[in-house]
There are 2 protein chains.
Amino acid sequence: MTQTSNKRTAPKTCCASLGSMLTPRLFKALCDPSRLAILARLAEACAPCTVSEIAKCCPINLSVVSRHLAQLRDAGVLCAEKRGKEVRYAVRARELAETLRAIADALEHCCPAPVRSTQASTRNRGREPASQGE
Amino acid sequence: MTQTSNKRTAPKTCCASLGSMLTPRLFKALCDPSRLAILARLAEACAPCTVSEIAKCCPINLSVVSRHLAQLRDAGVLCAEKRGKEVRYAVRARELAETLRAIADALEHCCPAPVRSTQASTRNRGREPASQGE
DNA sequence: TGCTCGTTTGCGTCATTGTGCAAATAATAG
DNA sequence: CTATTATTTGCACAATGACGCAAACGAGCA
């Protein structure tokens with residue numbers, strides 16, 4: 001149980017919102033290397049791209065790319081616009097950034113200063129969340 | 001050569017950094033419902049918790065909880081501190097928030113204006129990235 | 001030293017999901 | 001109309017990952 005005066009029966013309101021933000025859907029969409037490559041390529045392009053264009057830069061079948069794009073779209077990461085017989089996907093950068101920042105805010109607001117005692121961890125001293133190439 | 005079919009330009013430097021940020025490790029750690037529940041519980045607690053404590057609120061075996069905690073630790077989401085025969089895990093809220101904001105910044109900096117027509121998508125009109133219950 | 005408690009790890013099983021191929025669907029050109 | 005191109009979907013298979021159980025490991029205590 002927690003070390004504070006009360007138990008878990010009192011999830012602070014800020015943490016409740018964090019809990020509702022921590023939905024697997026977004027992270028599920030972003031947890032696959034192929035989908036991340038697609039997202040990066042799409043962000044690079046900075047403009048809507050067709051499925052075929054995106055598939056050119058991936059070592060996987062075009063149909064698989066299509067499926068990945070649909071999954072990213074369903075997760076709200078991409079938006080799709082049909083033009084003729086092509087479908088152009090683009091990154092919903094602003095919305096995605098907003099979501100990530102909302103999680104970040106809730107996280108910090110919930111835990112303003114995690115155990116500042118001695119950052120001494122078993123095997124994770126001063127490690128940063130996986131971001132840059134590791 | 002990239003998929004520069006007609007008027008696509010080379011990858012901008014800001015997007016290159018985004019690509020290096022989009023590592024599967026962090027998202028893989030966050031894509032599982034059990035791990036998200038653990039993270040939420042740990043954020044609520046706002047203090048380091050032992051494995052047994054965390055396992056009490058999860059319908060899964062303690063050994064599985066231990067594995068999940070290790071995975072979250074390896075992803076930089078949690079930090080672990082051994083005290084006696086117990087191990088206390090805590091959320092690395094500040095670092096995690098920083099990482100999420102860095103991705104958000106890179107994303108917006110890379111794609112300042114996603115699509116000219118705001119969001120005219122086939123099946124995703126005005127949709128937000130998966131965050132709240134959907 | 002032996003014992004107990006807390007945690008981690010090895011292993012087998014089962015569900016999920018990423019993948020390729022082929023067929024189906026949709027839209028445009030001839 | 002048919003033909004062609006772009007995308008999606010059905011299906012089968014392989015790889016990945018979550019899970020439970022039991023054993024091993026480590027730290028404190030009698």
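Predicted model, so just to flag it, every value in this text is computed and none were measured. Only heavy atoms go into these numbers, but all of them, side chains included; no hydrogens, no water, no symmetry mates. Below, chains carry the letters A, B, ... as their sequence lines are ordered, and counting in each starts from 1.
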**Item:** Pairwise side-chain contact, B:Asp105 with A:Arg101, heavy-atom cut-off 4.5 Å (strictly under)
**Value:** yes

**Prompt:** Between B:Ile54 (CD1) and C:dT8 (C1'), how many Å, whole number?
**Reply:** 14 Å

**Request:** Give the rounded distance in Å between these two atoms: CZ of A:Arg83 and P of D:dT7.
**Result:** 13 Å

**Prompt:** Taking only side-chain nitrogens and oxygens of A:Ser66, does any of them come within less than 4.0 Å of OP1 or OP2 of D:dT7?
**Reply:** no

**Asked** Distance-only, no hydrogens or angles: does the B:Thr99 side chain make a donor-acceptor pair with backbone N or O of B:Glu95 under 3.5 Å?
**Response** yes

**Request:** Would you mind telling me which residue lines up with the more 5' stretch of DNA chain C, A:Val64 or A:Lys28, judged by nearest nucleotide?
**Result:** A:Lys28

**Request:** Could you pick out which residue, A:Glu86 or A:Leu62, lies toward the 5' side of DNA chain C when each is mapped onto its nearest nucleotide?
**Result:** A:Leu62

**Item:** Nucleotide C:dT7, atom P - distance to CG of B:Leu69 in whole Å
**Value:** 9 Å

**Prompt:** Hey, does A:Val51 reach any base, or is it just sugar-phosphate, or nothing, if we go heavy atoms under 4.0 Å?
**Reply:** sugar-phosphate

**Asked** Salt bridge check: are B:Lys82 and B:Glu86 linked by an N-O gap of less than 4.0 Å?
**Response** no

**Complete:** Rounded to whole Å, NZ of A:Lys56 lies from P of D:dT5 at a distance of 14 Å

**Prompt:** Counting any heavy atom closer than 4.0 Å, what does A:Pro33 reach on the DNA or RNA strands: base, sugar-phosphate only, or nothing?
**Reply:** nothing

**Prompt:** Distance check: side-chain N/O of A:Gln71 vs OP1/OP2 of C:dG18, anything under 4.0 Å?
**Reply:** yes

**Request:** Kindly indicate whether the side chain of B:Val87, heavy atoms from C-beta on, has any atom under 4.5 Å from the side chain of B:Thr50.
**Result:** no

**Asked** Would you say D:dT7 has OP1 or OP2 under 4.0 Å from some side-chain N or O of A:Ser52?
**Response** yes

**Message:** When you measure only distances, ignoring hydrogens and angles, does the side chain of B:Ser63 come within 3.5 Å of the base of D:dC19 through a donor and an acceptor?
**Reply:** no

**Prompt:** Do B:Arg67 side-chain and C:dG10 base share a donor-acceptor contact under 3.5 Å?
**Reply:** yes

**Request:** Using only side-chain N and O atoms of B:Lys82, determine if any of them is under 4.0 Å from OP1 or OP2 of C:dG6.
**Result:** no

**Request:** Would you tell me if any nitrogen or oxygen in the side chain of A:Tyr89 comes within less than 4.0 Å of OP1 or OP2 on D:dT8?
**Result:** yes

**Atom-to-atom span, CG of A:Asp32 to P of C:dT16 - whole angstrom** = 18 Å

**Request:** Considering just the side-chain nitrogens and oxygens of A:Lys85, establish if one lies under 4.0 Å of OP1 or OP2 belonging to C:dA29.
**Result:** no

**Complete:** Rounded to whole Å, CG of B:Asn61 lies from C1' of C:dT13 at a distance of 14 Å

**Request:** Answer yes or no: does a side-chain N or O of A:His68 lie under 4.0 Å from OP1 or OP2 of C:dT17?
**Result:** no

Enumerate donor-acceptor pairs with a distance under 3.5 Å from any side-chain N or O in residues 29-39 of chain B to protein atoms, sequence neighbours excluded.
| unit_1 | atom_1 | unit_2 | atom_2 | d |
| --- | --- | --- | --- | --- |
| B:Asp32 | OD2 | B:Ser34 | N | 3.0 |
| B:Asp32 | OD2 | B:Arg35 | N | 3.2 |
| B:Arg35 | NE | B:Ala29 | O | 2.8 |
| B:Arg35 | NH1 | B:His68 | ND1 | 3.0 |
| B:Arg35 | NH1 | B:Gln71 | OE1 | 3.0 |
| B:Arg35 | NH2 | B:Lys28 | O | 3.0 |

**Asked** Heavy atoms, side chains only, cut-off 4.5 Å: are A:Leu96 and A:Leu26 in contact?
**Response** yes

**Item:** Length of the CD-C1' vector between A:Glu81 and C:dA27, whole Å
**Value:** 16 Å

**Whole-Å gap separating C1' (D:dC19) and CZ (B:Arg35)** = 12 Å

